[in-house]
Amino acid sequence: VAPKIVNTVLWGNSTKYTIVSGASMVFANCGIQGGLSGGTDGGGNKTLSLTNEADTGPNFVVPSSDFHINSWISPLVDGGIAIYTGVNIPATDIEGKSRIGTIDIGAYEFVYYIWTGITSTNWTTTTNWTGSPSLVPTSISDNKVIIPAGRPNYPTATSLSLSTRSILTIEAR
């Protein structure tokens with residue numbers, strides 16, 4: 001039976017990753033610098049560029065030591081798969097944080113800010129937010145903020161700074 005590599009990042013090598021001739025491996029929903037050469041494409045693979053901060057780069061916080069995903073623009077965000085034949089895909093990331101929606105490629109789930117509204121309408125109240133980390137988004141830079149429908153309170157804010165790489169989703173009540 002061929003080994004299956006699923007939801008894995010192969011990045012930071014100076015050359016393209018190549019599977020040795022005759023080796024039988026299946027790669028599915030992986031982020032691979034330079035793309036896949038050799039092995040079997042199990043589908044959903046993402047070709048990553050060498051430049052970390054590029055739209056096609058992994059966008060790690062610190063590419064040499066902190067492999068948390070730093071931007072929603074990363075092809076790793078929502079690029080994973082929850083079920084793959086013969087592979088046990090964990091429901092949490094390496095830190096025990098729940099996967100959100102479509103899971104991400106790699107060991108760490110991307111940071112989303114999700115409004116709960118359980119305390120008040122005050123945007124700056126920490127207990128009105130959940131996610132990873134549980135912080136108040138004061139500036140939405142390279143992040144996703146979600147304000148879901150059906151909350152007991154909805155936020156008020158006097159100003160909010162968004163970057164071109166930000167996403168603010170407000171669902172209809």
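Quick caveat: nothing in here was measured; it's all calculated off a predicted structure.
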Would you say the side chain of [Y] lies within less than 4.5 Å of the side chain of [X], judging by non-hydrogen atoms?
| X | Y | answer |
| --- | --- | --- |
| Cys30 | Asn45 | yes |
| Ile114 | Pro148 | yes |
| Ile32 | Leu48 | no |
| Thr47 | Thr56 | no |
| Tyr154 | Ile147 | yes |
| Ile73 | Asn59 | yes |

Return the orientation label for the Trp129 and Trp115 ring planes: parallel under 30°, perpendicular over 60°, tilted otherwise. perpendicular
Find the distance between [atom1] ([X]) and [atom2] ([Y]) and round it off to the nearest 0.5 Å.
| X | Y | atom1 | atom2 | value |
| --- | --- | --- | --- | --- |
| Ser74 | Lys46 | OG | NZ | 10.0 Å |
| Thr40 | Lys4 | OG1 | NZ | 11.0 Å |
| Ile5 | Phe27 | CD1 | CZ | 5.5 Å |
| Asn128 | Thr116 | CG | OG1 | 5.0 Å |
| Arg99 | Asp104 | CZ | CG | 6.5 Å |
| Ser98 | Asp93 | OG | CG | 8.5 Å |

Does Asn153 reach the main-chain N or O of Gly117 with its side chain, forming a donor-acceptor pair under 3.5 Å? yes
Are any side-chain N or O atoms of Gln33 and backbone N or O atoms of Ser49, one a donor and one an acceptor, separated by less than 3.5 Å? no
Pair Glu109 + Lys97: basic N to acidic O under 4.0 Å: no
Any donor-acceptor pair under 3.5 Å linking the side-chain atoms of Thr124 with those of Asn122? yes
Of all heavy-atom pairs between Gly42 and Tyr84, which one has the smallest distance, and what is that distance? CA-OH, 3.6 Å
Which atom of Ala172 lies closest to which atom of Ala149, heavy atoms considered: O-CB, 2.9 Å
Do [X] and [Y] belong to the same hydrophobic cluster, where Ile, Leu, Val, Met, Phe, Trp and Tyr are linked whenever their side-chain heavy atoms lie under 4.5 Å apart, directly or via other members?
| X | Y | result |
| --- | --- | --- |
| Leu76 | Ile167 | yes |
| Val77 | Ile146 | yes |
| Ile103 | Ile105 | no |
| Ile94 | Ile69 | yes |
| Leu36 | Val26 | no |

Apply ring-ring contact (aromatic ring centres under 6.0 Å, His included) to residues Phe60 and Trp11 and explain how you reach the verdict. CA-CA 11 Å; Phe60 292 133; Trp11 184 86; 5.7 Å; yes
Thr169 and Val145: CA distance, side-chain angles, deciding distance, side chain to side chain contact (heavy atoms under 4.5 Å, CB included) verdict: CA-CA 6 Å; Thr169 302; Val145 173; over 6 Å; no
